[in-house]
Enquirer: 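The structure is given below, and queries will be raised subsequently.
Letters A, B, ... mirror the listed sequences (proteins, then strands); counts begin at 1. Because the structure is a prediction, the values reported are computed rather than measured.
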2 protein chains.
Amino acid sequence: MTPKQTTSPEKPRRATLQDVASEAGVSFSAVSKVIRGASGVSPQMRERVTAAIEKLGYRPHAGARAMRGKSYTIGVMIVEMSSPFQPEVVQGITDALEGTPYQEVLIAGGLSPARQKRSIEALMDRQVDGLILVAPWMEADWLEELGAKIPTVVVARHGTAANFDTVVDDEYQGARLMVDHLVSLGHERIVHTSMPSGGLEPFVLSHTARRHGYEQAMTRHGLVPKVVETTYSEVGGYEAAIQAFSGDERPTAIFAGADIAALGVLRAAEERGLQVPEELTVAGYDNIYVSAIGRISLTTVDQSGQLTGANSTRLLLERIGGRTQPAHYVIAPQLVPRKTSAAPGHVDQATPISVQH
Amino acid sequence: MTPKQTTSPEKPRRATLQDVASEAGVSFSAVSKVIRGASGVSPQMRERVTAAIEKLGYRPHAGARAMRGKSYTIGVMIVEMSSPFQPEVVQGITDALEGTPYQEVLIAGGLSPARQKRSIEALMDRQVDGLILVAPWMEADWLEELGAKIPTVVVARHGTAANFDTVVDDEYQGARLMVDHLVSLGHERIVHTSMPSGGLEPFVLSHTARRHGYEQAMTRHGLVPKVVETTYSEVGGYEAAIQAFSGDERPTAIFAGADIAALGVLRAAEERGLQVPEELTVAGYDNIYVSAIGRISLTTVDQSGQLTGANSTRLLLERIGGRTQPAHYVIAPQLVPRKTSAAPGHVDQATPISVQH
DNA sequence: GTTCTTACGGACAACGTTGCACGCTTTTGG
DNA sequence: CCAAAAGCGTGCAACGTTGTCCGTAAGAAC
């Protein structure tokens with residue numbers, strides 16, 4: 001009953017096709033046929049082989065399979081796991097792969113294009129059958145070359161590609177939804193916080209799309225867009241808010257490009273003694289986990305990571321199946337109004353007084 | 001300059017040892033020697049081969065290597081990525097593996113022992129050379145059997161094992177640190193929120209260790225421990241707080257077993273109109289990302305995920321190197337006092353009045 | 001000048017699969 | 001009743017490595 005000790009190093013060898021074949025009294029080719037579901041197998045043999053597989057606990061050797069072409073492994077690169085969107089995407093992938101012979105394997109790409117490239121190469125060294133890259137940072141050309149080598153789906157980059165598929169949330173639309181929401185509440189001075197573009201044209205990362213969507217929507221409403229560039233982080237949001245407050249006319253609403261930055265905006269507002277939402281409306285984008293909890297209750301935009309993952313997987317399997325025409329899938333975002341947004345209230349009277357230059 | 005189109009399906013084959021050998025004008029065995037750093041290689045040959053490898057961009061085929069014994073891949077199972085501890089552990093692993101020939105690969109184990117087992121098996125099918133399991137939920141026996149088959153390190157489970165190593169934060173100690181902190185501030189009625197044990201003895205998961213540490217420390221201070229069992233979630237924390245408030249004597253401090261639950265406690269306090277920390281001290285455990293941000297600023301206990309990852313990797317590499325004696329590494333936690341904890345202030349006067357039965 | 005050692009490079013047999021080519025039965029069709 | 005076809009099982013050659021074994025040539029020792 002006590003666990004086996006390692007002291008006697010008689011590790012039981014993993015069962016192979018040959019072992020199963022001996023057990024069932026057939027050739028190993030026959031076993032292979034059964035496993036592959038190939039034709040030319042009698043029901044009796046199938047049964048005996050299946051029993052032997054069961055008995056020995058046989059599992060195919062992925063390395064050996066990889067040598068013959070397919071590893072039945074999907075490589076997923078995520079940049080960083082801390083954001084809640086990425087785990088959701090992964091969950092979507094896992095669910096979509098359930099019931100297929102494929103298994104996904106993740107790799108943390110890290111925060112630089114060079115590292116991300118190395119991670120992708122590590123995945124390719126391991127003979128994955130396809131790649132799903134979540135918000136990769138490297139140049140489009142590199143991805144095009146990659147896509148020519150291996151079935152690839154890129155998540156969260158706007159734009160079209162020749163050699164790989166993309167799945168992306170319509171972030172222009174998401175930003176528009178938010179602006180419409182704020183305008184319908186009565187806001188006019190709405191500041192957007194963004195981050196430096198990063199020069200990945202012709203591809204467009206999330207923040208650029210959100211910013212453009214914001215600008216278009218503002219213009220459409222006849223309002224003047226005003227963007228503050230810091231970073232998508234709590235500190236970045238804080239700094240952006242400080243900058244926004246320092247202008248001539250204090251904004252009545254701050255639409256942060258990311259929830260995490262919105263949290264910094266909230267802190268800045270608190271320090272200034274500005275009541276949210278009475279004196280300042282704050283909104284974000286991403287619907288991260290904390291945005292939902294009572295103490296924050298942040299108005300934001302949700303993009304379904306689950307859907308993103310599921311569709312990425314679908315496209316990838318199609319590509320593995322032989323499709324070569326690139327596909328681009330766009331997912332509709334959803335506005336999530338919560339307690340940090342309201343009609344601009346007391347702010348109209350208070351504005352000139354509390355501004356400090 | 002435009003990216004190659006996939007329309008002409010002339011995917012360039014990946015370079016093999018043989019290709020490199022032809023390029024360098026030597027035998028493929030010689031190339032293998034160079035790559036493995038084996039002896040019996042002249043400097044000139046090494047140079048020519050290295051040049052050829054460079055030129056062709058040769059990279060070893062992990063599948064083929066796996067067939068000969070080593071895949072140079074470390075499998076890491078994480079239960080869920082949403083918690084911030086796990087990404088940190090992964091970061092620690094990545095850093096520790098930098099410069100070694102090994103590469104880690106992650107798999108999301110999911111929220112049930114059955115799924116987690118399947119994930120681990122999927123990793124083994126892929127011939128990983130070793131496993132790091134972060135907070136796995138399955139029975140100890142299963143892990144013992146696993147450890148007999150493959151070098152394994154288990155993270156975040158207290159207790160000793162025969163066939164694998166463990167790396168764990170000293171959560172008894174962490175809970176004691178927190179209780180000492182609260183007591184030193186003057187608190188006496190300190191409630192702890194926990195979750196049902198789950199029956200994984202003789203192994204002990206985090207919440208049980210924290211609870212025991214809390215109980216011991218309270219007793220040592222001559223105080224009466226009081227535990228509320230809900231779940232480690234925002235809602236769970238909220239419910240636990242409501243229960244804690246409903247007693248005869250309202251606690252002056254609530255020490256949640258997890259930061260995420262502490263957030264729920266904060267919400268409950270807010271709803272009750274209790275000022276934190278003036279009327280109620282709130283503390284957590286984990287030091288998750290949001291705990292640090294200004295608007296929350298939660299007093300908590302930090303366990304270094306980075307250190308955990310680094311040490312897990314070290315132990316695993318030792319085991320892969322041949323060690324069979326089990327090792328168990330304990331990491332010291334650190335108290336992180338922030339703004340949600342303070343001496344019990346107005347509460348002493350206010351207690352009898354605001355309690356509702 | 002012969003023999004022994006050493007250093008180097010190459011040949012080769014696995015490793016566990018896949019999938020084709022091949023034969024042996026059994027059935028079917030005339 | 002014989003030939004052809006279909007059904008079924010086996011044999012075998014890859015796939016890209018590692019690591020052992022072996023042969024050769026150059027240098028050292030006598």
Enquirer: With a 3.5 Å cut-off and no angle check, do the side chains of A/His328 and A/Thr166 form a donor-acceptor pair?
Expert: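 Side chains of A/His328 and A/Thr166: pair found under 3.5 Å.
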Enquirer: Is any side-chain heavy atom of A/Thr313 less than 4.5 Å from a side-chain heavy atom of A/Thr94?
Expert: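 SC-SC contact between A/Thr313 and A/Thr94 ruled out.
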Enquirer: To the nearest 10°, give me the bend of the helix from C/dG1-D/dC30 to C/dG30-D/dC1, comparing the axes of its five terminal pairs at either end.
Expert: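 The helix from C/dG1-D/dC30 to C/dG30-D/dC1 shows an end-to-end axis angle of 40°.
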Enquirer: Please list every donor-acceptor pair under 3.5 Å in which a side-chain atom of residues 106-117 of chain A meets a protein atom from a residue at least two apart or in another chain.
Expert:
residue	atom	partner	partner atom	Å
A/Ser112	OG	A/Arg115	N	3.1
A/Arg115	NH2	B/Glu98	OE1	3.4
A/Gln116	OE1	A/Trp137	N	2.8
A/Gln116	NE2	A/Gly110	O	2.9
A/Lys117	NZ	A/Glu139	OE1	3.4
A/Lys117	NZ	A/Glu139	OE2	3.3

Enquirer: Distance only, no hydrogens: is a donor on one side chain within 3.5 Å (strictly under) of an acceptor on the other, for B/Thr73 and A/Arg126?
Expert: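 Yes, A/Arg126 and B/Thr73 have a side-chain donor paired with an acceptor closer than 3.5 Å.
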Enquirer: Are the charged groups of B/Glu145 and B/Lys149 less than 4.0 angstrom apart, N to O?
Expert: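 So B/Glu145 does not pair with B/Lys149 through a salt bridge.
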Enquirer: With A/Arg48, which residues qualify under side chain to side chain contact (heavy atoms under 4.5 Å, CB included), at least two apart?
Expert: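 In terms of side chain to side chain contact (heavy atoms under 4.5 Å, CB included), with neighbours along the sequence ignored, A/Arg48 is linked to A/Val26.
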Enquirer: What contact category does B/Tyr72 fall into here, base, sugar-phosphate, or nothing, at under 4.0 angstrom with non-hydrogen atoms?
Expert: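 Since no nucleic acid heavy atom lies under 4.0 Å of B/Tyr72, the category is nothing.
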Enquirer: B/His61 has an atom NE2; how far is it from atom P of D/dA14, in whole Å?
Expert: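 Spelled out: NE2 on B/His61 to P on D/dA14 is 17 Å.
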Enquirer: What is the per-nucleotide protein-contact pattern of nucleotides 6-12 of chain D, from the 5' end, where B denotes a base atom under 4.0 Å from a protein heavy atom, S denotes such proximity for sugar-phosphate atoms only, and - denotes neither?
Expert: --SBBBB
Enquirer: So do A/Leu97 and A/Ile74 actually touch side chain to side chain, heavy atoms under 4.5 Å?
Expert: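 Of all side-chain heavy-atom pairs linking A/Leu97 with A/Ile74, at least one is under 4.5 Å.
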Enquirer: Charged N to carboxylate O under 4.0 angstrom, B/Arg14 versus A/Asp125?
Expert: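 Yes.
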Enquirer: Does a donor on one side chain sit under 3.5 Å from an acceptor on the other, for A/Asp95 and A/Gln306?
Expert: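 A/Asp95 vs A/Gln306: donor-acceptor pair found between side chains.
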Enquirer: What pairs with B/Glu88 under side chain to side chain contact (heavy atoms under 4.5 Å, CB included), at least two apart in sequence or on another chain?
Expert: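 B/Glu88: no side chain to side chain contact (heavy atoms under 4.5 Å, CB included) contacts found.
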Enquirer: Is any side-chain N or O of B/Arg68 under 3.5 Å from a base N or O of D/dT18, one able to act as donor and the other as acceptor?
Expert: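 Side chain to base: pair present.
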Enquirer: Identify the 5'-most and 3'-most nucleotides of DNA chain C with at least one atom closer than 4.0 Å to a non-hydrogen atom of chain A.
Expert: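 Contact span on the strand: C/dG16 to C/dG19.
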